[in-house]
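Atoms within a ligand are numbered from 1 in the order they appear, just like the ligands themselves.
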Amino acid sequence: MNWKNTRFLVTGGAGFLGSFVMDQLKAKGAEAVTAPTIDEIDLTDTLSVRRLMADSKPEVIIHLAARVAGIGANQKFPAEFFYENLMMGTNILHESYKAGVKKVVAIGTVCSYPKEPKSTPFKEDEIWDGYPEETNAAYGLSKKMLLVQSHAYRQQYGFNSVVLMPVNLYGPRDNFNLETSHVIPAFIIKCLDATENGKPEVVMWGDGSPTREFLYIEDAARGILMAVERYDEDLPVNLGSGQEIRIKDLIDKMAKILGYTGKITWDTSKPNGQPRRLLDISRAKEKFGFSAEVSLDDGLRRTIDWYLAKRGKRTGA
Ligand SMILES: NC(=O)c1ccc[n+]([C@@H]2O[C@H](COP(=O)([O-])OP(=O)(O)OC[C@H]3O[C@@H](n4cnc5c(N)ncnc54)[C@H](OP(=O)(O)O)[C@@H]3O)[C@@H](O)[C@H]2O)c1
């Protein structure tokens with residue numbers, strides 16, 4: 001791969017994952033990288049995407065832009081999650097095919113998987129075997145259409161697009177807005193709030209019984225660039241760490257790192273989300289040599305350290 005001379009377009013380059021993909025592209029020597037923000041180009045608008053292709057003439061596109069958030073926002077705005085993600089994916093793949101782009105690497109999501117797949121860890125070949133968990137179905141299904149479109153365009157036009165499906169991501173620069181954040185930032189914010197403001201407890205959603213798998217953000221970005229360089233096939237590929245943890249155990253682990261010894265209460269009137277999440281990560285290893293390197297303990301510590309440093313505080317443990 002000639003990183004230096006290839007013209008890249010990164011959608012969502014200013015986002016959480018996008019910022020690390022941009023850093024790693026730069027580290028590889030990529031110089032011709034276009035990464036418009038939502039204020040510059042709204043990717044749900046077909047004509048804007050067409051103009052973007054004409055102006056930036058990308059050879060390789062890394063499509064990361066999406067409307068993304070935790071369970072609460074997914075439940076509140078399912079129509080927006082559906083429409084925006086569907087339109088972004090459709091526009092990017094269609095207009096890139098029409099513009100003669102050489103390759104698109106599009107980022108899907110673990111939320112596209114059935115609520116209770118046939119087997120766990122979840123295998124890519126079993127992704128069509130059921131409806132996703134209700135709280136994130138609109139998001140998961142809109143992104144799942146990337147698989148259908150990518151396959152159809154390869155079949156009819158020989159167009160080279162690949163779809164990667166990352167598990168839950170976490171790390172520095174994550175979304176720390178409590179209204180829209182995922183579980184790791186949400187707990188960090190609530191925990192610090194309780195400690196600093198003398199609150200008697202931290203309240204978390206659900207009963208803590210579901211399991212999740214987490215992939216550290218720099219590993220995710222590295223996996224994506226490995227696929228950019230080495231993977232050109234139709235089959236979708238999971239990106240994960242292969243480590244499953246109960247939410248309750250995750251919270252205990254973070255409380256320890258944060259030095260929080262107060263009460264943690266589980267609000268069972270709030271949804272748990274998908275009961276279990278663990279990806280089969282063998283295809284990524286086999287097809288382009290990717291496996292995660294950062295352990296959950298290490299990654300959590302880095303995330304917490306980053307957040308505390310941003311706020312001008314030090315870790316409690
Ligand atoms: N975070 C996770 O745990 C996770 C897990 C699996 C898969 N993914 C996938 O990974 C990708 C990146 O997620 P992320 O967590 O980095 O999300 P993020 O931080 O919210 O980044 C998404 C980016 O997309 C941009 N965007 C949204 N709507 C747009 C539009 N209409 N036009 C142009 N740009 C738009 C956002 O711009 P603004 O910031 O200006 O709104 C933002 O920069 C997404 O495709 C997501 O589905 C994420």
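Side-chain atoms of Glu213 come within 3.5 Å of backbone atoms of Ser241 as a donor-acceptor pair (strictly under, hydrogens ignored). Arg246 places no side-chain N or O within 3.5 Å of a backbone atom of Pro210 that could act as its donor or acceptor partner.
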Dump all N/O pairs between ligand 1 and the protein below 3.5 Å as a table: atom names plus distance, one pair per row.
unit_1: ligand 1; atom_1: 3 (O); unit_2: Leu169; atom_2: N; d: 2.9
unit_1: ligand 1; atom_1: 16 (O); unit_2: Phe16; atom_2: N; d: 3.3
unit_1: ligand 1; atom_1: 16 (O); unit_2: Leu17; atom_2: N; d: 2.8
unit_1: ligand 1; atom_1: 19 (O); unit_2: Phe16; atom_2: N; d: 2.8
unit_1: ligand 1; atom_1: 24 (O); unit_2: Ala66; atom_2: N; d: 3.3
unit_1: ligand 1; atom_1: 31 (N); unit_2: Asp42; atom_2: OD1; d: 2.9
unit_1: ligand 1; atom_1: 32 (N); unit_2: Leu43; atom_2: N; d: 3.0
unit_1: ligand 1; atom_1: 43 (O); unit_2: Gly15; atom_2: N; d: 3.2
unit_1: ligand 1; atom_1: 45 (O); unit_2: Leu64; atom_2: O; d: 2.8
unit_1: ligand 1; atom_1: 45 (O); unit_2: Lys143; atom_2: NZ; d: 2.5
unit_1: ligand 1; atom_1: 47 (O); unit_2: Tyr139; atom_2: OH; d: 2.6
unit_1: ligand 1; atom_1: 47 (O); unit_2: Lys143; atom_2: NZ; d: 2.7

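Remark: Arg230 engages no residue in a side-chain hydrogen bond (donor to acceptor under 3.5 Å, both in side chains) (not counting sequence neighbours). Every residue two or more places apart in sequence or in another chain was checked for a side-chain hydrogen bond (donor to acceptor under 3.5 Å, both in side chains) with Glu116, and none qualifies.
The list of ring pair (Phe, Tyr, Trp, His ring centres under 6.0 Å) pairs with a residue in residues 274-295, not counting sequence neighbours, reads Tyr231-Phe288.
Note on Lys115 versus Glu134: salt bridge recorded, some NZ/NE/NH1/NH2 to OD/OE distance being below 4.0 Å.
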